[in-house]
Amino acid sequence: MPGPSPGLHRALLGLWAALGLGLFGLSVVAQEPFWADLQPRVALVERGGSLWLNCSTNCPRPERGGLETSLRRNGTQRGLRWLARQLVDIREPETQPVCFFRCARRTLQARGLIRTFQRPDRVELVPLPAWQPVGENFTLSCRVPGAGPRGSLTLTLLRGAQELIRRSFSGEPPRARGAVLTATVLARREDHGANFSCRAELDLRPHGLGLFENSSAPRELRTFALPPEPPRLAAPRLLEVGSEGPVSCAMDGLFPASEAEVYLVLGDQRLSPDVTLEGDALMATATATASAEQEGARQLVCNVTLGGESRETQENVTVYSFPEPLLTLTEPNAPEGKMVTVTCAAGARALVTLDGIPAAVPGQPAQLQLNATENDDRRVFFCDATLEVDGETLSKNESAELRVLYAPRLDDSDCPRSWTWPEGPEKTLRCEARGNPEPSVHCARPDGGAVLALGLLGPVTRALAGTYRCTATNVQGQAVKDVTLTVEYAPALDSVGCPERITWLEGTEASLSCVAHGVPPPSVNCVRSGEARVVEGLLRVVREHAGTYRCEATNARGSAAKNVAVTVEYGPSFEEVSCPSNWTWVEGSGRLFSCEVDGKPEPSVECVGSGGTSEGVLLPLAPPDPGPRAPQIPRELAPGTYICNATNQHGSVVKMVTVSAESPPQMDESTCPSHQTWLEGAEAAALACSARGRPSPQVRCSREGAPRPQRLRVSRQDAGVYHCLATNAHGTDARIVTVGVEYRPVVAELAASPPGGVRPGGNFTLTCRAEAWPPAQISWRAPPGALNIGLSSNNSTLSVAGAMGSHGGEYECAATNAHGRHTRRITVRVAGPWLWVAVSGAAGGAALLAAGAGLAFYVQSTACKKGEYNVQEAESSGEAVCLNGAGAGAGGGGGAEGATEAAGTAEAPAGGEVFAIQLTSA
């Protein structure tokens, strides 16, 4: 037996809970009423499903109990105060089972409610119409049989994914099952091919179950639009047997036009149309072919069917038979003088007309007779036939040509006796003869020479000119005619009759004549360039006749022109302007002597020295036209007299030329040094600059920037860059000169730091600045006994660290260069605080005297090297201390605070500078 279902487990749990409560409340049984309970009280079960019901009571010892229901039971389990039963195949929409117990002579009852639900397994959309007209309503109907409860159902009608209508059936009775949803929808063009469907939703989530959904199979809707107007039918009203006629059937406003079917029929003949679509328009075209069986009135039908509906149009077409007329000649090729009969005939109902003359009655032929002549050759006869069909007159015609055979004729209109053609363009020579058969024409020179190619396109040349005999021949005879061909051509001026260059000799007689070739014979006129007068007759030749002449030949076919250059030759001659008698050659100018001689042809010129240094020397001459092979330019040229000789084929001439030589200015380091030095205070003088050249150049020097002021003595401000310019008639030369001014040394500044008092153990520095050029060497002299004195690398600074009493006294700074020496002194005082209180002004004076005595001890700085030295105490020994520099000796300048030494001169300032430096103890 299978185990209990989950419903049974829930019922048992409820039972045990009730029993527990019963045990807990035994003491109060007498105080509480008895009851019966059914679990679950309300249940929702899928149709055909099963359910466990638990029936229990709190009666301690019930007499009996049970569960009343009309549903099928599958199993039962019992306890003292409970009963569990499984109900299966539950199909009723709603049932009410009853749980009962008999207790203390009373019946205890509990009533439950079981409802069933059915999923929307079947969702049906009623089939749609096969075709639905656009603009008309159609019905959408959706059925969901058996699904429920209906109150939990929602139905939705869809177009594709778009919801059209949605309806919920909430509020329906619980026992209601199944649902139907119907909607009316307006058909649109966009609905063509759209899928419609129905979706059903059973929402049992409020009852603790899920949402059950299902959809119907989609149904496709086909919409169409067919206008009420019939199609437009176009066809010929009359159609001849054996012929074809176009038929077209058109209709607008169709949708979908591609689904429309076209039916075309002529009588009992169905046509096969070609259908073309353009938007909502349809065009069907076909070709109708008439047969003899269809002769008579026939009906042409066009039927357009779409969506099960049709539109039709009918037209009447008359099929008729009308054979071509027959035109005959008894002899189409008749000899001249022959009698010819012409006959025109047609069908039984047709009326014929021959060359405008009708037959007597319809159905009879028309005839014409004539005696053939030359004028009848190629005569065309016309046969017209008319037939009346369905009120319309139809006509057909036939033609025939008569050929008359006759001998050739050469007329002047077709073969002229004289031809005149221009040379050059291609022409077709035509000499045509009349005759039948067509004659052949042959034209040749009578002497058996050239033959003309008749009827062919070819170039016209002068060789074709002449007289020809033309003969026309056919089987009927021949004709003969002489013709003359004249070829005209434009004038030509060649080198034989009109040369490009003509040479005349001055003083002779000559004429300018040009002979031109051309047909008709051309006339020739020659005009000098720039003039309008025509040159005619004999001329007495002068040089002015030389030049270019324009000769032009003219006839009816055109003109030709040619330039003729006339050269007039003459003997040589000298002109002072082009070959001067005096010439100056400038050295380095690159110029050659130019001696141009007038003469034609151009004379050759040679200049040879005569006497002095130029004897036999050939003077280089500048060529008339500069070229790559110009003569070499000489570096030197001997001045003197030269004889120039000019010669051509018409004579020679001689001229004397005097040549002189000169040169442009030139300066170099030897005549104008680029670096010059002056001494300050010396007498002012000009720069040492001169230049070579002929004539002698003038040299001027000017200072760049500010001009140099006029002074008697040289000053430092005279230093700078000078621009020197040498000038003569043949050019200039420039040179840059740098001037430096040197001067004696001067100690411009001697200062102590710090400027205030210095206590023992303190530091102080002495700075000495000198002005000199070349730069001065600095040397110091210190008080005797001063130790630990340091000097900077260029001796300009003296420093003391840890001052003592021996460092007090007079210090001297000396500046020396090649032009002299200058000194300056400064006094340094070293004292403590006690000394300032004890020593009065007189004691201070005694100290000054003692310090002055110490000045006898010094060091000659010229014997020392630069750097920092330890100065030994020398107070008792009397030895001087040497401090990195050049000294002046023990007795040099001992009494002056500032002094300058130089050869032959001595300079001392009016007063010295004394600095009192107070040294204070900590």
**Request:** Please confirm whether the backbone N or O of Ser581 pairs with a side-chain atom of Glu576, one donor and one acceptor, at under 3.5 Å?
**Result:** yes
**Asked** Should Thr797 and Thr767 count as side-chain neighbours, where that means a heavy-atom distance under 4.5 Å?
**Response** yes
**Request:** Answer whether the closest heavy-atom distance between the side chains of Arg700 and Leu725 falls below 4.5 Å.
**Result:** no
**Request:** Say whether, by atom type as modelled, one donor and one acceptor occur between the side chain of Thr671 and the main chain of Ser690 under 3.5 angstrom.
**Result:** yes
**Asked** So His819 and Glu742, side chain to side chain contact (heavy atoms under 4.5 Å, CB included) or not? Walk me through it.
**Response** CA-CA 8 Å; His819 301 297; Glu742 297 183 353; 2.7 Å; yes
**Asked** Do Leu766 and Val828 pass the side chain to side chain contact (heavy atoms under 4.5 Å, CB included) test, and can you show the C-alpha distance, the side-chain angles, and the key distance before you say yes or no?
**Response** CA-CA 10 Å; Leu766 301 180; Val828 177; 4.3 Å; yes
**Between SG on residue Cys644 and CG on residue Leu621, distance to nearest 0.5 Å** = 6.5 Å
**Request:** Any chance you could lay out the side chain to side chain contact (heavy atoms under 4.5 Å, CB included) test for Met656 and Thr641, step after step, and finish with the verdict?
**Result:** CA-CA 7 Å; Met656 306 291 289; Thr641 301; 3.6 Å; yes
**Asked** Is any side-chain heavy atom of Tyr642 closer than 4.5 Å to a side-chain heavy atom of Leu618?
**Response** no
**Prompt:** Any donor-acceptor pair under 3.5 Å linking the side chain of Ser495 with the backbone of Pro499?
**Reply:** no
**Prompt:** How about Tyr743 and Trp773: are their ring centres within less than 6.0 Å of each other?
**Reply:** no
**Message:** Quick check: closest heavy atoms across Glu596 and Ser578, and the distance to 0.1 Å?
**Reply:** O-OG, 2.9 Å
**Request:** Could you check whether the rings of His545 and Trp504 sit parallel, tilted or perpendicular, using 30° and 60° as the cut-offs?
**Result:** perpendicular
**Item:** Interatomic spacing from CZ in Arg735 to NE2 in His723 - rounded to 0.5 Å
**Value:** 12.0 Å
**Item:** Salt-bridge contact Lys562-Glu500 (side-chain N to carboxylate O under 4.0 Å)
**Value:** yes
**Ser573, Pro603, Ser604, Cys579 screened by side-chain contact (heavy atoms from CB on, under 4.5 Å) with Val597, the one that passes** = Pro603
**Asked** So, does Arg540 use its side chain to make a donor-acceptor pair with the main chain of Gly507 at under 3.5 Å?
**Response** yes
**Message:** Taking disulfide (SG to SG under 2.5 Å) as the cut-off, I'd like each qualifying pair that reaches into residues 660-691, sequence neighbours left out, listed once.
**Reply:** Cys672-Cys689
**Request:** Heavy atoms only: give me the nearest Pro745-Asn817 pair and the separation to one decimal.
**Result:** CD-OD1, 3.0 Å
**Basic-acidic side-chain contact under 4.0 Å: Glu662, Arg694** = no
**Asked** Taking atom CZ of Arg692 and atom CG of Asn728, what is their separation to the nearest 0.5 Å?
**Response** 13.0 Å
**Complete:** Separation between CD1 (Ile643) and CG (Leu619), nearest 0.5 Å, reads 12.5 Å
**Asked** Say you draw a straight line from CG of Asp718 to CH2 of Trp678; how long is it, rounded to the nearest 0.5 Å?
**Response** 5.5 Å
**Asked** Between the side chain of Ser529 and the main-chain N/O of Thr548, is any donor-acceptor distance below 3.5 Å?
**Response** yes
**Prompt:** Do the non-hydrogen side-chain atoms of Met667 and Pro697 ever get within less than 4.5 Å of each other?
**Reply:** no
**Prompt:** So which heavy atom on Ser674 is nearest to which on Glu669, and how close?
**Reply:** N-OE2, 3.0 Å
**Item:** Salt bridge flag under 4.0 Å for residues Glu771 and Arg769
**Value:** yes
**Request:** For the cysteine pair Cys498 and Cys551, state whether the SG atoms are less than 2.5 angstrom apart.
**Result:** no
**Request:** May I ask you to test the Val542-Val568 pair for a side-chain heavy-atom distance under 4.5 Å?
**Result:** no
**Prompt:** Of the non-hydrogen atoms in Ile778 and Cys813, which two are nearest, and what is the gap between them?
**Reply:** CG2-SG, 3.8 Å
**Asked** Sequence neighbours excluded, which residues qualify as side chain to side chain contact (heavy atoms under 4.5 Å, CB included) partners of Lys600?
**Response** Thr567, Glu569, Tyr570
**Minimum heavy-atom distance Cys724-Leu687, with the two atoms named** = SG-CD1, 3.9 Å
**Prompt:** Any side-chain heavy atom of Ile736 within less than 4.5 Å of one from Val721?
**Reply:** yes
**Prompt:** Taking atom CD of Gln698 and atom OG1 of Thr727, what is their separation to the nearest 0.5 Å?
**Reply:** 7.0 Å
**Request:** For residues Trp780 and Cys768, report the shortest heavy-atom separation together with the two atoms involved.
**Result:** CZ2-CB, 3.5 Å
**Message:** I'd like to know whether CD of Glu749 has more than 12 heavy-atom contacts from other residues, nucleotides or ligands below 6.0 angstrom.
**Reply:** yes
**Prompt:** Hey, are the side chains of Trp583 and Ser594 touching, using non-hydrogen atoms and a 4.5 Å cut-off?
**Reply:** no
**Request:** Indicate the ring-plane relationship of Phe764 and Tyr811, choosing parallel, tilted or perpendicular according to the 30° and 60° boundaries.
**Result:** perpendicular
**Prompt:** Under 4.5 Å between any side-chain heavy atoms of Asn563 and Arg550, yes or no?
**Reply:** yes
**Prompt:** Yes or no on side chain to side chain donor-acceptor pair (under 3.5 Å) for Thr584 and Ser660, after CA distance, side-chain angles and deciding distance?
**Reply:** CA-CA 5 Å; Thr584 300; Ser660 58; 3.0 Å; yes
**Request:** Would you please test Ile502 and Val564 for side chain to side chain contact (heavy atoms under 4.5 Å, CB included) and show each step?
**Result:** CA-CA 7 Å; Ile502 299 176; Val564 178; 3.7 Å; yes
**Prompt:** Do side-chain atoms of Arg528 reach the backbone of Ala546 as a donor and acceptor pair under 3.5 angstrom?
**Reply:** yes
